[in-house]
Amino acid sequence: MLYKSTRSQAAATHSAAQIIKQGLAEDGGLFVPQEIPALTMAEIEALCQESYPVRAAKILAKFLSDYTYEELLADCEAAYNESSFVGGAAPLVNLCDNKEILELWHGPTAAFKDMALQIMPRLLSRALTKTGEKRTALILVATSGDTGKAALEGYKDIDRIKIMVFYPVDGVSRVQKLQMATQTGSNVNVCAIDGNFDDAQTGVKVIFGDEKMAQKLNENGYFFSSANSINWGRLAPQIVYYVSAYCDLLSADKCRAGDPFNVCVPTGNFGNIFAAYIAKLMGLPINKLICASNANNILTDFLRTGTYDRNRDFYLTMSPSMDILISSNLERLLYFTAGSEKTADYMKQLNTTGAYSVDAEVFAKITENFVGYFADEKTTADTIHACFEKHGYLCDTHTAVAISAAEQYIKETGDTIPMVIDSTASPYKFANNVYRAVTAQEPESDLAALDALSKATETEIPYPLAGLAQRKVRFEKVVSKENMAAAVLEYLNIE
């Protein structure tokens, strides 16, 4: 299996190890596989009998052909072990009727990013050896909250890898900020920027594309790589849990082999829902992919009009991981529906004018599979309250957006086939807003909300967040978005 850039018409030439090491394509595009491997219903039925690590290894082996199955299985078993994923990796929990919650947050940072970022560092470590790389990899991450902590936790103390995370100083929750600021590990660094997530993401992309910066790092024994979902090594593991969810539906007799199901994903950067799209292309019988947005509903508008326009107001919401106006992984969907030439043109328009419109043929292909809905702040809070009152289910602010979108879709279409709804974070990651929604009371502080929520709902604080307030703060630096590159050089002690 070889890979190519979304923006290039040239043939695929890169191995899986090469693209996992490199992250971003040379022309600024994102790497995609030369073809989508098939997944038969017989294979899916066989996977029903297997553990999550085995399911993951078998799916990843279809994409990462220069890794042996034995290597992948060893890495998957190490990544998805029971001590890291207390409660299991990606369990399916019934909410009510045909609605199933896919809980992706039982890992070491209590967010869905763990599903990819516990395995990705192992894949990168092997990639360095497979490609004969002698330099140290510098992972640069822009985060709207959860990716940063999950990447820090995944890469900490990994040999020949350093990691630096940038986050918007006022764009993450207090819990998310403390999780990053107290991160342990000798090879990690965290820096806030005076701006929003899109500023952080753009800043990282600019650093990646700076040839002088790359040369300076090379001279000092470093090279850039990425842990964001622009890296295929981050995205490929996300395909697995959609296949696993269908296996669990079959095992629970919620549907029969070959029966379709719907998937609803709260997303800002479009990576999580795009992974489900890849699973569908492989042969997983997904009917509709429901894209759930918050007040920053740029994806909803795109899926309804065919126009992507980031020239709009930006909102800080109670679901900060979705506070995004530049959805990077949408570029991969454009490649699969419009081809590389049109994709390159759309991305050029986006960079110069902040907007683009796809043609009617491309829009028809996209809307055949995708539909978009959004939930504003009041709807999100009301959904959290209603889920707990009616079903005894406590959900976080992002999951509530997805539940609302799923309910809107069902009401609008009458489609009652099984609906798998992604739950992307523990409610305790956003305990302040969840506590307000459930109790209509104000917590004493964001941190006090953890204990208050536990007491009010008689639920347990997950192990990654217990005792967070007592951990030592290591990182407090804040820089302007213009000084991100300087902060990187300072971290590496390069003049």
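- For the residue pair Tyr335 and Ser5, no side-chain donor N or O sits within less than 3.5 Å of a side-chain acceptor on the partner.
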Inset, instruction - Could you walk me through whether Tyr435 and Phe430 pass the ring-ring contact (aromatic ring centres under 6.0 Å, His included) test, one step at a time? - result: CA-CA 9 Å; Tyr435 179 78; Phe430 307 93; over 10 Å; no

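- Arg234 has its side chain within reach of Thr147: a pair of non-hydrogen atoms, C-beta onward, lies under 4.5 Å apart.
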Inset, instruction - Take Lys216 and Glu211, measure what salt bridge (Lys or Arg N to Asp or Glu O under 4.0 Å) needs, and give me the verdict at the end. - result: CA-CA 9 Å; Lys216 186 171 286 191; Glu211 292 184 9; over 6 Å; no

Inset, instruction - I would like to know whether Phe336 and Ile36 meet side chain to side chain contact (heavy atoms under 4.5 Å, CB included); could you show each step before the answer? - result: CA-CA 10 Å; Phe336 280 104; Ile36 301 299; 3.8 Å; yes

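- Side-chain contact annotation: Asn269 with Asn329, donor-acceptor N/O pair under 3.5 Å absent.
- Between the side chains of Lys130 and Gln18, no donor N or O sits under 3.5 Å from an acceptor N or O.
- Each of Pro285, Ser251, Cys48 was checked for a side-chain contact (heavy atoms from CB on, under 4.5 Å) with Tyr246, and the lone residue meeting it is Pro285.
- Side chains of Asp422 and Asn272: a donor on one and an acceptor on the other come within 3.5 Å.
- For Tyr52 and Tyr80, the ring centers sit closer than 6.0 Å to each other.
- Contact of the Ser83 side chain with the Val86 side chain is not registered, since no non-hydrogen atoms from C-beta on lie closer than 4.5 Å.
- Rounded to the nearest 0.5 angstrom, Thr136 OG1 and Asp159 CG are separated by 9.5 Å.
- No side-chain donor-acceptor contact under 3.5 Å links Thr6 and Arg332.
- In this pair, Phe31 and His14 present their aromatic rings tilted. The plane angle is within the 30 to 60° band.
- For Asp194, the CG atom counts as loosely surrounded, since its 6.0 Å shell holds 12 or fewer non-hydrogen atoms of other residues, nucleotides or ligands.
- Judged purely by distance below 3.5 Å, without hydrogens or angles, the side chains of Thr317 and Asn294 pair a donor atom with an acceptor atom.
- A perpendicular orientation is assigned to the rings of Trp232 and Phe274, their planes being inclined by more than 60° (bins at 30° and 60°).
- Using a 4.5 Å heavy-atom threshold, the side chains of Thr13 and Lys4 count as separate.
- Counting heavy-atom neighbours within 6.0 Å of Arg160 CZ, excluding the residue itself, gives a total above 12.
- Geometrically, Lys288 does not engage Phe261 in a cation-pi contact defined by less than 6.0 Å to the ring centre and at most 45° from the axis.
- Within the 4.5 Å cutoff, the side chain of Met1 has no heavy atoms near those of the Lys62 side chain.
- Thr202 and Asp199 share no donor-acceptor pair across their side chains, judged by distance under 3.5 Å alone.
- For Asn187 and Lys156, the side-chain atoms include no donor-acceptor pair closer than 3.5 Å.
- Aromatic ring orientation, Phe208 versus Phe224: perpendicular (interplanar angle above 60°, classes split at 30° and 60°).
- Taking 4.5 Å as the limit, every side-chain heavy atom of Met322 sits out of range of all side-chain heavy atoms of Thr267.
- Judged by the 6.0 Å and 45° rule, Lys177 forms no cation-pi pair with Tyr167.
- At least one donor-acceptor pair under 3.5 Å links the side chain of Tyr463 to the backbone N or O of Ser84.
- Side-chain atoms of Asn218 and Arg135 form a donor-acceptor pair, as typed in the model, at a separation below 3.5 Å.
- When only modelled atom types and interatomic distance are considered, Lys149 and Thr109 share no side-chain donor-acceptor pair under 3.5 Å.
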Inset, instruction - Tell me, with the steps shown, if Met484 and Ile193 meet side chain to side chain contact (heavy atoms under 4.5 Å, CB included). - result: CA-CA 8 Å; Met484 289 170 63; Ile193 72 153; 3.9 Å; yes

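- Using a 4.5 Å heavy-atom threshold, the side chains of Tyr428 and Thr459 count as touching.
- Using a 4.5 Å heavy-atom cutoff, the side chains of Asn220 and Leu492 are not in contact.
- At least one side-chain heavy atom of Ile44 sits less than 4.5 Å from a side-chain heavy atom of Leu284.
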Legend entry - salt bridge (Lys or Arg N to Asp or Glu O under 4.0 Å) between Glu50 and Lys58, intermediate numbers included: CA-CA 10 Å; Glu50 303 290 357; Lys58 287 186 179 293; 5.6 Å; no

